[in-house]
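Read through the structure below, which is laid out as structure tokens, and then see the notes.
Hydrogens, waters and symmetry mates play no part in the numbers below; they use all other heavy atoms, side chains included. Both counts, for ligands and for their atoms, begin at 1 and track the order of listing.
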Amino acid sequence: MEAPASKPPQKMPLETTTVHADAIHRIKTAVGERGWTTDPAEMQPHLVEWRGHYEGQAQIVVRPANTEEVAEVVRICAEAKLPMTPQSGNTSMCGGAVPLKNGQEIILSLARMNRIRSIDAENYTMTVEAGCILQTVQETALEADRYFPLSLAAEGSCMIGGNLSTNAGGTNVLRYGNARELVLGLEVVLPDGRIWDGLLGLRKDNTGYDLKQLFLGAEGTLGIITAAVLKLFPRPRAIYACFCAVRDISAALELLDHARTESGDSVETFELISRPVIDLVIKHIPGTADPLSRTYEYYVLLELVSTSKKDNGVGERLETILGQAMENGLVLDAVLAQSEQQRQAFWRLRENASESQKIEGASIKHDISIPVSAIPSFYEAAWKAVLEIEPAARLVAFGHAGDGNLHYNIAEPEGGDGQTFFHKLTEINEAVHDVAHAHGGSISAEHGIGQLKRDELSRYKPAVALDMMRTIKMAIDPDGLMNPGKVL
Ligand code: FAD
Ligand code: 2HG
Ligand code: ZN
């Protein structure tokens, strides 16, 4: 299904195809036979966004094996003014990782750069290449008795280069911060092909501008991240999970406050899940089931974590917290995971939210963030605004409430044909985003801008901020070769 939000392709800076043909030939030589493909069947998964909302064209998919090869490819592209789309796991939620329709770009896939270069357990760091799958990074850290906390439903296929380029969030931000906060150093290939080696494993370095921050969250518009030094943490020794039904959204937030203060701030996860999410997951994902005996309107998946080798009573504290919350009416019902298997069953309900929504049909997604205190007011006001546009719309909301980040997704009316609903996309986006903005919020908490929100950005971002962003883009990528048509 094509997203009505996509824009006409940008005009390319250079149209001399012979120059491009020569460049493509040089690129093939630079990366060797295993490092490229023009086979339509092999290229196809790289051209389409995972929900099928964006589909582009490209001259070639290039898969360099190391940083020097990336740099050589980028140098050739810079000389020939050949635009590039960097791509990692292609799980972007905003059309950021697929090329435009004009077929001018090359796709630069980092998938073959998947080595863990080193791990320094004493320094609590690991150095990884951009194409490492997030789950592999997590597992490698655990093998070294350490923890890399970035966690999201796409972790089996997204790659660290993509995670850092989108400044991914996920389910552990409350305790550990966004991807941006989990990085100490970067290696980047700049748009002219130079390699910036910023792979320092330092927690303190005040030698001028913090250059890595430019590339974290830049969505591939300023250069190619080829490797990173990641921050590690003591690994959790025990995780206590509970799935609880809450009275309403305000009660969920009171529970969050209560759990943070009463647990010595050991809340790792605080996910809000509205009932329609559970209904869709149970409907579409085999093997999932309601954890509670009756249904409620809102749920929270709450986890406390202990990193202590000794039992320090965190489990009992969770029980006390829940008991108090039930006594004062915040929590209506709750179940504590008695095994890892039961904990995973809770998570299947949460992690399949996106997949089940995709199966159900058309939905208009909103990845907004607002101050935690503004969630109840936003929730109600945004819904009122949506109903004025589509009275039969369905609200399928969930998200990282502990971070003030809601996936305020609107599903098409039951039995809809998708297209009719998508005609209202701009109007619905504007309604929800205006309400988030009025609550001091952002139109993208964690997914990024990509193609999806590029045009909307200017409606909400101050002109001065956009001006600074364009100045940075011009300074680093003056020919506009890095991921054209995205973000700006
Ligand atoms: P890609 O999709 O390949 O690329 C993302 C962007 O980064 C693109 O703009 C691309 O051009 C650029 N890029 C990729 N690699 C590089 C590089 N090496 N150098 C420079 N630029 C690069 N996101 C969250 O934040 N939180 C969630 O909880 C979450 N849950 C998800 C659940 C599901 C089921 C799915 C499908 C997606 C989810 N996402 C979530 C979105 C997505 O997984 C993340 O944005 C992820 O970080 C993207 O990683 P990727 O490797 O797939 O990157
Ligand atoms: C999540 O939190 C992701 O699961 C996906 O960010 C959100 O599908 C979505 O809207
Ligand atoms: Zn999310």
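Residue contact check for ligand 1: Ala445 places no non-hydrogen atom closer than 4.0 Å to it. Ligand 1 lies nowhere less than 4.0 angstrom from a heavy atom belonging to Thr85. Ligand 2 lies less than 4.0 angstrom from a heavy atom belonging to His447. Ligand 1 lies less than 4.0 angstrom from a heavy atom belonging to Gly170. Heavy atoms of Met93 come nearer than 4.0 angstrom to ligand 2 in at least one pair. Taking 4.0 Å as the cut-off, Glu351 does not count as a neighbour of ligand 2 on heavy-atom distance. At a 4.0 Å cut-off, at least one heavy atom of Met93 sits close enough to ligand 1 to count as contact. In this structure, Glu355 falls outside the shell of residues with a heavy atom less than 4.0 angstrom from ligand 1.
For atom 25 (O) of ligand 1, the closest non-hydrogen atom on the protein side is Gly169 N, 2.9 Å. At the top of the distance list for atom 53 (O) of ligand 1, counting protein heavy atoms only, stands Gly162 CA, 3.3 Å. The nearest heavy-atom contact from the protein to atom 19 (N) of ligand 1 is Ile225 N, 2.9 Å. Looking only at heavy atoms of the protein, atom 32 (C) of ligand 1 is closest to Ala153 CB, 3.7 Å. Of all protein heavy atoms, the one lying nearest to atom 48 (C) of ligand 1 is Thr91 OG1, 3.4 Å. Closest to atom 45 (O) of ligand 1 among all protein heavy atoms lies Thr166 OG1, 3.4 Å. Looking at atom 9 (C) of ligand 2, its nearest protein heavy atom turns out to be Lys365 NZ, 3.2 Å. Protein heavy atom in closest approach to atom 2 (O) of ligand 1: Ser92 N, 2.9 Å. The nearest heavy-atom contact from the protein to atom 30 (N) of ligand 1 is Leu152 CB, 3.9 Å.
The residues Asp279 and Arg275 are annotated as salt-bridged, a charged nitrogen and a carboxylate oxygen being separated by less than 4.0 angstrom. The pair Glu219-Arg454 fails the salt-bridge criterion, with no side-chain N (NZ, NE, NH1 or NH2) lying under 4.0 Å from an Asp/Glu carboxylate O.
Results of the side-chain contact (heavy atoms from CB on, under 4.5 Å) test with Leu230 over Val128, Leu182, Leu184 single out Val128 as the only residue that passes. In summary, of the residues considered (Glu430, Glu412, Glu390), a salt bridge (charged side-chain N to carboxylate O under 4.0 Å, His left out) with Lys424 occurs for Glu390 alone. Here the rule is side-chain hydrogen bond (donor to acceptor under 3.5 Å, both in side chains) with His407, and of Glu446, Gln357, Lys365, His366 only Glu446 fits it.
Residue contacts with ligand 1, taken as heavy atom pairs separated by less than 4.0 Å, involve Asn483 solely via side-chain atoms from C-beta onward. Neither the backbone nor the side chain of Gln357 has any atom closer than 4.0 Å to an atom of ligand 2 (non-hydrogen atoms only). Only the side chain of His447 comes within contact range of ligand 1, with a heavy atom under 4.0 Å; no backbone atom does. Counting heavy atoms closer than 4.0 Å to ligand 2, residue Asp367 contributes nothing at all.
Listed by atom number, the atoms of ligand 2 under 4.0 Å from His400 heavy atoms are 2 (O). Near Leu110, with a cut-off below 4.0 Å to any heavy atom, the atoms of ligand 1 are 18 (N). Residue contact check: Asn409 has heavy atoms under 4.0 Å from atoms 9 (C), 10 (O) of ligand 2. Taking every non-hydrogen atom of Phe398 and a distance limit under 4.0 Å, the qualifying atoms of ligand 2 come out as 4 (O), 7 (C), 8 (O), 9 (C), 10 (O). Against a heavy-atom cut-off of under 4.0 Å, Ala168 is close to the following atoms of ligand 1: 25 (O), 47 (O). Applying the 4.0 Å criterion to heavy atoms of Trp50 picks out, from ligand 1, the atoms 36 (C). Residue contact check: His407 has heavy atoms under 4.0 Å from atoms 1 (C), 2 (O), 3 (C), 6 (O), 7 (C), 10 (O) of ligand 2. The atoms of ligand 2 that sit less than 4.0 Å from any heavy atom of Arg350 are 1 (C), 2 (O), 4 (O). Listed by number with element, the atoms of ligand 1 under 4.0 angstrom from any heavy atom of Cys158 are 49 (O), 50 (P), 51 (O), 52 (O). The ligand atoms of ligand 1 that sit less than 4.0 angstrom from a heavy atom of Ser165 are 7 (O), 12 (C), 13 (N), 16 (C), 17 (C), 19 (N), 20 (C), 21 (N), 22 (C). Near Glu446, with a cut-off below 4.0 Å to any heavy atom, the atoms of ligand 2 are 2 (O), 6 (O).
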Check: Under the side chain to side chain contact (heavy atoms under 4.5 Å, CB included) criterion, do Arg146 and Arg235 qualify, and how do the steps go?
Finding: CA-CA 5 Å; Arg146 296 290 180 262; Arg235 87 172 163 81; 5.8 Å; no

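Classification of the Tyr460-His433 ring pair by plane angle, with boundaries at 30° and 60°, yields perpendicular.
Among the backbone and side-chain atoms of His447, no N/O/S atom is found under 2.8 Å from the Zn ion (ligand 3). Among the backbone and side-chain atoms of Glu446, an N, O or S atom lies under 2.8 Å from the Zn ion (ligand 3).
Taking distance alone, with nitrogen or oxygen atoms compared against 3.5 Å, Gly89 approaches ligand 1 more closely than that limit. In terms of polar-atom proximity, Met159 is counted as a contact of ligand 1, with an N or O under 3.5 Å from an N or O of the ligand. Distances between N or O atoms of Pro86 and those of ligand 1 include at least one value under 3.5 Å.
For atom 5 (C) of ligand 2, the nearest non-hydrogen atom from the set Ser356, Ser363, Ser354, Gly169 belongs to Ser354.
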